[in-house]
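Shown next, in structure tokens, is the structure this report addresses.
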Amino acid sequence: QVQLVESGGGAVQPGGSLRLSCVASGTFFSIYSMGWYRQAPGKQRELVATITNSGVINMADSVKDRFAISRDNAKNTVDLQMNSLAPEDTAVYYCNAEDVYVSGSHNDYWGQGTQVTVSS
């Protein structure tokens with residue numbers, strides 16, 4: 001079992017910045033990928049950014065020039081630096097971890113979510 005705890009959400013004006021953090025704890029084999037997804041009201045959950053344990057990053061085009069993702073494999077943490085925030089970024093942000101226990105098989109774990117609100 002893996003527990004994910006997020007922090008860093010809040011309210012910010014357009015153009016502002018926030019830094020989200022997530023730490024994974026518990027029993028797992030190998031966390032291959034960690035990252036962030038978000039869900040706005042009335043919308044489906046969508047990818048923001050993920051990073052593998054080897055540093056390969058997958059990031060949505062809408063945030064590539066504004067956000068940055070980083071990971072500390074030893075501490076099992078992942079951070080998301082969000083700059084130039086816009087109202088369209090308003091959503092609940094969820095931390096995700098992909099735990100690989102056999103090659104080709106994995107379990108996905110999710111945090112409780114943290115609210116990010118961008119408004120003036």
Side-chain angles (χ1 to χ4, degrees):
Q1 299 293 317
V2 176
Q3 181 181 4
L4 304 177
V5 179
E6 305 118 326
S7 62
V12 66
Q13 293 183 340
S17 299
L18 287 173
R19 187 177 183 89
L20 305 183
S21 297
C22 175
V23 58
S25 62
T27 302
F28 50 84
F29 290 90
S30 179
I31 298 179
Y32 169 72
S33 178
M34 296 187 72
W36 296 89
Y37 293 72
R38 67 186 182 186
Q39 187 167 20
K43 303 291 185 180
Q44 292 185 322
R45 190 171 299 184
E46 65 178 3
L47 166 75
V48 179
T50 60
I51 182 170
T52 71
N53 54 14
S54 62
V56 178
I57 295 172
N58 186 22
M59 185 172 291
D61 289 341
S62 61
V63 304
K64 280 185 175 179
D65 295 332
R66 302 182 294 123
F67 293 5
I69 189 169
S70 60
R71 175 176 176 177
D72 188 328
N73 292 335
K75 297 180 179 179
N76 293 315
T77 60
V78 62
D79 290 355
L80 183 70
Q81 179 66 46
M82 305 186 294
N83 300 320
S84 301
L85 285 164
E88 65 191 77
D89 298 313
T90 296
V92 177
Y93 284 68
Y94 296 92
C95 182
N96 170 264
E98 181 181 357
D99 184 23
V100 177
Y101 57 92
V102 175
S103 181
S105 300
H106 64 88
N107 287 330
D108 283 318
Y109 296 91
W110 296 90
Q112 293 281 47
T114 183
Q115 177 70 46
V116 172
T117 302
V118 185
S119 65
S120 59

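Since we're looking at a predicted model, the values are computed, not measured.
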Can you get from V100 to V102 by hopping between Ile, Leu, Val, Met, Phe, Trp and Tyr side chains that sit under 4.5 Å apart?
no
Got a second to check how far [X]'s [atom1] is from [Y]'s [atom2], nearest 0.5 Å?
X: T50; Y: N58; atom1: OG1; atom2: CG; result: 4.5 Å
X: N96; Y: S33; atom1: CG; atom2: OG; result: 6.5 Å
X: S30; Y: H106; atom1: OG; atom2: NE2; result: 13.0 Å
X: Q3; Y: N76; atom1: CD; atom2: CG; result: 13.0 Å

Would you mind writing out the side-chain donor-acceptor pairs for residues 40-47 within the sub-3.5 Å range, not counting sequence neighbours?
| from | atom 1 | to | atom 2 | distance (Å) |
| --- | --- | --- | --- | --- |
| E46 | OE2 | R38 | NE | 2.9 |
| E46 | OE2 | R38 | NH2 | 3.4 |

Nearest heavy atoms of Q112 and Y94, plus distance in Å
O-CE2, 3.5 Å
Grab the two heavy atoms, one from Q81 and one from S17, that are nearest each other, plus how far apart they are.
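Taking every non-hydrogen atom into account, NE2-CB, 3.9 Å.
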Look only at the side chain of D99 and the backbone of N107, and say whether a donor-acceptor pair between them is shorter than 3.5 Å.
no
With a 3.5 Å distance limit and no angle check, can you tell me whether E6 reaches the backbone of G113 through a side-chain donor-acceptor pair?
yes
Side chains of S119 and T117 only: does a donor on one sit below 3.5 Å from an acceptor on the other?
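Side chains of S119 and T117: no pair found under 3.5 Å.
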Could you check whether any side-chain heavy atom of E98 comes within less than 4.5 Å of a side-chain heavy atom of D108, counting everything from C-beta outward?
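A side-chain contact under 4.5 Å exists here.
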Answer yes or no: is there a side-chain heavy-atom contact under 4.5 Å between R66 and D89?
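Yes; the side chains approach each other to less than 4.5 Å.
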Going by chain and number, the hydrophobic cluster around M34 (ILVMFWY, side chain to side chain under 4.5 Å) further includes V2, L4, V12, L18, L20, F28, I31, W36, V48, I51, I57, M59, V63, F67, I69, V78, L80, M82, L85, Y93, Y109, V116, V118
So, using ring pair (Phe, Tyr, Trp, His ring centres under 6.0 Å) as the criterion, who are the partners of Y37 when residues are at least two apart?
W110
